[in-house]
There are 2 protein chains.
Amino acid sequence: MSTHTLSVLVENKPGVLAHVAGLFSRRAFNISSLAVGPTEDPKVSRMTIVVDGASTPVEQVAKQLEKLVRVLKVVELDDRAAVERELALIKVRIDPALRGELLEVATVFNTKVVDMSPETVILEATSSPGKLDSLLENLDRYGTCELVRTGRIAMSRGSGTITDHIGAPLAEAV
Amino acid sequence: MSTHTLSVLVENKPGVLAHVAGLFSRRAFNISSLAVGPTEDPKVSRMTIVVDGASTPVEQVAKQLEKLVRVLKVVELDDRAAVERELALIKVRIDPALRGELLEVATVFNTKVVDMSPETVILEATSSPGKLDSLLENLDRYGTCELVRTGRIAMSRGSGTITDHIGAPLAEAV
């Protein structure tokens, strides 16, 4: 599935998320994942929104987002020029006889065991989106019983930052 | 700041996020962070919402969320009985003379260097919420120029899962 990653700087005020989510909802554009948290500036929050490129006209969405009050900046990040990462916690129900094998898979994928009970293990995995999907496929045959994912976040490589062009039109900012 | 972490299972359909965000907005409850992504069941998404406990009556919020159509389950996760993690990408503008020192801090906090330019470094940090704040404080004096965070995700320790009690009232589910 071809996806697009939008980084959106917004004012850190109640109601901003509702405006953004409302725009997607009214246009019936589906959000694959969304993560929002604080930035280096306490007045500003940053959302990373992943949309399915096939069903969503991403340039149009970006332009409509930029028109919302309290939205400061919208940038589409190109996966070739950006670092993209996602965090997941994965609880696996595991037959004790297979635990050694599971821990080998966990090591190959650079995950950390952060909890263990007689029947279950919780793995913490931080990786690029494709690699996380591959890990989840590998874990499927052991028995993933609970999964929580942050959704993707992304940042452009090199020395430029998203705030370099605050106020510039989208085309220049990308 | 005392925070509360809500795990919310919702149907994976357009408009659900707008309903949830709208509820917080109408009541003027501020969301500290929100992360939403897919689960092990393709029909279900999972949101992790962190709210400020001082300003938000969290039990009331949880009950109102449960009444929304397409919300399947709401659980408040207790930080003593749950694994809580957050992922951040942090771009630091660094004087080459201080780079060695910065990389020592990065190592102490178990971060990974995922990009480097002559003037900047991007660190990937996955940690508990308190430890991430401490890392960011330490990096402040070098010059954090860009920060993107996923917001917190959480999962109960041990063998129980959030779906064990689908449909049960909140009080029993916690």
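Letters A, B, ... mirror the listed sequences (proteins, then strands); counts begin at 1. No hydrogens, no waters, no symmetry mates; every other heavy atom, side chains included, goes into these values.
For the atom pair OG1 of B:T144 and CG of A:D41, the computed distance is 12.5 Å after rounding to the nearest 0.5 Å. Rounded to the nearest 0.5 angstrom, A:N12 CG and B:S32 OG are separated by 8.5 Å. A distance of 10.5 Å separates OG in A:S45 from CD1 in B:I31, rounded to the nearest 0.5 Å. To the nearest 0.5 Å, atoms OG1 (A:T150) and CZ (B:R149) are separated by 12.5 Å.
Note on A:N30, A:T39, A:V50, A:V36: by heavy-atom pairs under 4.5 Å with chain B, the leading option is A:V36. Most heavy-atom pairs under 4.5 Å with chain A, from the set B:G15, B:G37, B:P14, B:G22: that is B:P14. Between chain A and the residues B:L17, B:V148, B:D140, the most heavy-atom pairs under 4.5 angstrom are made by B:V148. Interface remark: of the candidates B:R85, B:H19, B:K91, B:K91 forms the most heavy-atom pairs closer than 4.5 Å to chain A. Most heavy-atom pairs under 4.5 Å with chain A, from the set B:S33, B:P38, B:A28, B:A88: that is B:P38.
Residues A:R46 and B:L147 come closest through the heavy atom pair CD-O, 3.9 Å. Looking at every heavy atom in both residues, A:T161 comes nearest to B:E146 through CA-OE1, 3.3 Å. The heavy-atom pair separating A:S25 from B:A18 by the smallest distance is CB-CB, 3.7 Å.
For A:E40, the parts sitting under 4.5 Å from any heavy atom of chain B are the backbone and the side chain alike. Both the backbone and the side chain of A:L34 come within less than 4.5 Å of a heavy atom in chain B. Residue contact with chain B, scored on non-hydrogen atoms closer than 4.5 Å, involves the side chain of A:T48 exclusively. Heavy-atom distances place the backbone of A:I90, and not its side chain, under 4.5 Å from chain B.
Side-chain heavy atoms closer than 4.5 Å link hydrophobic residues (I, L, V, M, F, W, Y) into clusters, and following such links, even through other members, never connects B:L102 to B:L89. At a threshold of 4.5 Å between side-chain heavy atoms, the hydrophobic network of Ile, Leu, Val, Met, Phe, Trp and Tyr places B:V108 and B:L132 in one connected group. Taking hydrophobic clusters as Ile, Leu, Val, Met, Phe, Trp and Tyr residues chained together by side-chain heavy-atom distances below 4.5 Å, A:L6 does not share a cluster with B:L87.
Residues of residues 110-122 of chain B that come within less than 4.5 angstrom of chain A, heavy atom to heavy atom, are B:V114, B:D115, B:S117, B:E119, B:T120, B:I122 in numerical order. For a heavy-atom cut-off of 4.5 Å, chain A lies close to B:G151, B:I153, B:A154, B:M155, B:S156, B:R157, B:G158 in residues 151-158 of chain B.
For the pair B:T126 and A:E124, the minimum side-chain heavy-atom distance is below 4.5 Å.
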